[in-house]
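Okay, structure first, notes after.
Computed from a predicted structure; not experimentally measured.
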Amino acid sequence: MKDLLDKLNPQQKEAVLCTEGPLLVLAGAGSGKTRVLTHRIAYLIQEKGVNPWNIMAITFTNKAAQEMKERADALVGMGSDALWVSTFHSSCARILRRYIDRIGYTGNFTIYDTDDTKSLMKDIIRSLDLDPKIYKEKNLLAKISAAKNNFVQAEEYRRSVSTWQERKIAEVYMEYQARLKKNNALDFDDLLVKTVELFQTCPDVLDYYQNRFQYIMIDEYQDTNTVQFEFVSALAKRNRNLCVVGDDDQSIYKFRGANIENILGFERVFPDAKVIKLEQNYRSTSSILNAANNVIGNNIGRKAKRLWTENGEGSLVRFRQFQNGFEEAEFIAGDISEKVRDGASYNEFAILYRTNAQSRLFEEKFMMANIPYKLVGGINFYARKEIKDLLAYMKTIDNGQDDLAVQRIINVPKRGIGAASIAKVDQYAYEQGIHFYEALLEAEFVPGIGRALGKLQSFTTFIQSLRSVTGYLSVTELLKKIIDDTGYVEALKAEDTDESRARIENIDELISKTAAYEESTPNPTLSGFLQEVALVADIDSVEEEKDYVLMMTFHSAKGLEFDQVYMAGMEDGLFPSYMTLTADSSDDLEEERRLCYVGITRARKVLTMTAAQMRMVRGETQYNKTSRFVREIPRELVDLGRDVETQRRFSKPSSGMFGGSEAPAKKTYPSSVFKPRAFTVNKADSLDYTVGDTVRHMKFGVGIVQAINDGGKDFEVTVNFENAGVKRMFASFAKLKKV
DNA sequence: CTCCTTTGTCTTTTT
DNA sequence: GACAAAGGAG
């Protein structure tokens, strides 16, 4: 136990030892807050004899939760599976599965994602006869979400509004909740709202959880919103052993309702709170840290603090400007290849940007340069059409109450059931006060249904037949049966386009996800899988051991760290975004600056910022100035790369969109890049193609395999492409498909 | 009912 | 420039 505390600095130690009563830990970037939390958990269990069952920790992502559990496990060595470590949303979902029947839902409720709520809202606009030109579902949903984040429920909202416009929104809000309830569905915000409602209406339930969670810890507290605060304070009310950890400088989710008051006013809510500041940074070099300090120093509304480090000075922050986005991407790809050739491995690098749209250029260049990468964010895996379709089948089989899911797949694949028939059934269901699927089962009573009846009946027969086998099929087997019986993959195969092949790959991935779920869960069920799937974030699937470059938005990068970070698109109008530059209040700009601070502090050793003079945005060419954030870094901390040679090398006009492949490919990515060092990909046992076979690559198209070398950790394949010429690549990354 | 073409909107960021 | 929604032809 001694060594457990020995590894901590005095402030960290204090935070670990201070277990009783409210505690606010103001933890600067890289100051070891995760370490404090895990050690605190270990200390509670080992020294204070607290039962792990009585400890709750809330993290920002499922991945962080997983890691915290593992680390606590390593320190304590036992009992940590009884710990409750999870995100707000997952915690609430778990509580609601158990008790939601007390507030009029049933425990097998579905969780609607953004797409689902959008189509629901579209329905509502139609049925309330609102002008879709004035009432956009996105705006309405944003209003409702904002209300929910502040824990304002529909009735209360209606009572509080005054203008005619607001009353309309209140009406929509009421209808929206009614429909959700009818579908036995919750949106993301509802998970929080309904849990707090449950606590308020059922004191015995709250009592149970208050007793259970004697010690509560919240990470990333600066990004909690009001309803999350209500949730936490309800739970912590009895024992008051609440430890929150956060950094006001890293608050970047105001747009999602995060209430900075939660952290700034913590001492007001808990006057007896102890406050500990962690200001020593263990992550970054002093050059990087100083750059971060200087940038964030321009913000007015923040708690005074200044991070320091004992780490060496390190190299200066690099800044490079390019003609356009292509060259920017080319530079970064070339830079990484060069460093890998000199002994670095891909997973040391991350590329961060403001908007997801920026990732496309990098994807293109990286694919060309044969650099393995993983894209985080963008379209969530589970939001893809093919995945949502298959999940909708599973939902329909699991719980016919989800009208949205049923309507999604009733004509997928095409069964000749059109909008008109669906509307008739929907109307009938509405009149009878039954679910859409129930209405389908008695379709013969639907007025004017006519020739569609047979088609509807064969659909329900099909679903019923799938339902009847759920008892003895595993989730994976059921999914495979759905795919077979609907001919979903078969149809995609027949399409035979790049897109359809990518979809099939996604479906294969879904199958492995169900298999993985069944392996990792003691009592796997269909409902269990669907629940788990609803709350996973893209970042949760990142595996550190895998050797790839990560590309993501600044937002997604929160809580992560990398040896070498590229901050791309450092231009006024992009970052900070045009919206915040034109806004009249400086609050939004300050939030952008915090986002920049988060980005800078992700880097351990090398930080590179890049910008383009000219950039295509929404099909238009924009000319942007260098970001003010770059200019806020003192000149002496920046390496501007005035070296003529590098300028010339990277400022060459690129030869068209895709034409640039030959020249840079030779120069920047020689085969020595493929030293098999530290390359820990999953090597396939065998390849399904061999020398002489024709294969297809995502980017290069069709080619003939010339050679396959077993490079030990992976197969190295040489392919002669029809259009792209001869390329050597790793089999596990290239994902070649025999044709 | 389905497929194809045209039109409009969008981009900040996400559980 | 991309993608979804709407409108029109078969």
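Few gaps surround NZ on A/K374; more than 12 heavy atoms of other groups in view lie less than 6.0 Å from it. Dense packing is recorded around OH of A/Y382, with more than 12 heavy atoms of other residues, nucleotides or ligands lying under 6.0 Å away. The local environment of CD in A/E444 is crowded, with over 12 non-hydrogen atoms from other residues, nucleotides or ligands closer than 6.0 Å.
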Which protein N or O atoms sit under 3.5 Å from an N or O of nucleotides 13-15 of chain B?
residue: B/dT13; atom: OP1; partner: A/N356; partner atom: N; Å: 3.4
residue: B/dT13; atom: O4'; partner: A/R354; partner atom: NH2; Å: 3.3
residue: B/dT13; atom: O2; partner: A/R354; partner atom: NH2; Å: 2.5
residue: B/dT14; atom: OP1; partner: A/T553; partner atom: OG1; Å: 3.0
residue: B/dT14; atom: OP1; partner: A/S556; partner atom: OG; Å: 3.3
residue: B/dT14; atom: OP2; partner: A/N356; partner atom: ND2; Å: 3.4
residue: B/dT15; atom: O2; partner: A/H89; partner atom: NE2; Å: 3.2

Please tabulate, one pair per line, each protein N/O and nucleotide N/O from nucleotides 5-10 of chain C that are separated by under 3.5 Å, including the distance.
residue: C/dA5; atom: OP1; partner: A/K122; partner atom: NZ; Å: 2.4

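In this structure, A/F199 and A/F231 have parallel ring planes: the angle between them is below the 30° cut-off, well short of the 60° mark.
Rounding to whole angstrom units, CD of residue A/Q358 and P of B/dT12 are separated by 12 Å. As a whole-Å value, the separation of A/L453 CG from B/dC1 P is 14 Å. Rounded to whole angstrom, the span from the CD atom of A/Q622 across to the P atom of C/dG1 amounts to 15 Å. Atom CE in A/M579 sits roughly 10 Å away from atom P in B/dC10 (whole-Å rounding). A/E620 has its CD atom 14 Å from the C1' atom of B/dG8, to the nearest Å. A/K118 places its NZ atom 10 Å from the P atom of C/dA4, with the value rounded to the nearest Å.
For the strand DNA chain B, secondary-structure stems (runs of at least three Watson-Crick or G-U pairs, all distances below 3.5 Å) span B:1-10 with C:1-10.
Within residues 404-418 of chain A, the residues that have a heavy atom under 4.0 Å from DNA chain B are, in order of number, A/N411, A/K414, A/G416, A/I417, A/G418. Only A/M616, A/R618, listed by number, bring a heavy atom of residues 608-618 of chain A to less than 4.0 angstrom from any atom of DNA chain C.
Ring centers of A/H555 and A/Y353: at least 6.0 Å apart, outside the cut-off. In this structure, the ring of A/F60 has its center less than 6.0 angstrom from the ring center of A/Y253. Under the 6.0 Å cut-off for aromatic ring centres, A/F554 and A/F575 qualify, their centroids lying closer than that.
In this structure, A/K513 is positioned above the aromatic face of A/F381, its NZ or CZ under 6.0 Å from the six-membered ring centre and within 45° of the axis.
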TODO: Show the numbers, then the answer: is there a salt bridge (Lys or Arg N to Asp or Glu O under 4.0 Å) between A/D572 and A/R631?
DONE: CA-CA 11 Å; A/D572 269 6; A/R631 287 178 273 134; 3.2 Å; yes

TODO: Please report the C-alpha distance between A/E220 and A/K33 in whole Å, then the side-chain angles of each, then the deciding distance to 0.1 Å, and finally whether the salt bridge (Lys or Arg N to Asp or Glu O under 4.0 Å) criterion is met.
DONE: CA-CA 10 Å; A/E220 307 283 9; A/K33 65 182 165 73; 3.4 Å; yes

Open item on the list: Between A/E591 and A/R594, is the salt bridge (Lys or Arg N to Asp or Glu O under 4.0 Å) condition met? List the steps.
Closed with: CA-CA 5 Å; A/E591 174 136 325; A/R594 289 194 291 270; 3.1 Å; yes

TODO: Please report the C-alpha distance between A/R179 and A/D403 in whole Å, then the side-chain angles of each, then the deciding distance to 0.1 Å, and finally whether the salt bridge (Lys or Arg N to Asp or Glu O under 4.0 Å) criterion is met.
DONE: CA-CA 10 Å; A/R179 299 246 186 155; A/D403 293 357; over 6 Å; no

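At the heavy-atom level, A/R451 lies nowhere under 4.0 Å from the strands shown. Heavy atoms of A/T580 sit nowhere under 4.0 angstrom from any nucleic acid atom.
A/Y597 has its side chain within reach of A/D247: a pair of non-hydrogen atoms, C-beta onward, lies under 4.5 Å apart. Within the 4.5 Å cutoff, side-chain heavy atoms of A/L560 are placed close to those of A/M552.
On the C1' atoms, B/dT12 is 23 Å away from C/dA5, given to the nearest whole Å.
A/R97 contributes a side-chain N or O that, together with a main-chain N or O of A/F109, makes up a donor-acceptor pair within less than 3.5 Å.
Side-chain atoms of A/K385 lie closest to C/dA4 of the nucleotides B/dT12, B/dC1, C/dA4.
When the side-chain contact (heavy atoms from CB on, under 4.5 Å) test is applied to A/E67, the partners found at least two apart in sequence or on another chain are A/K63, A/R71, A/E544.
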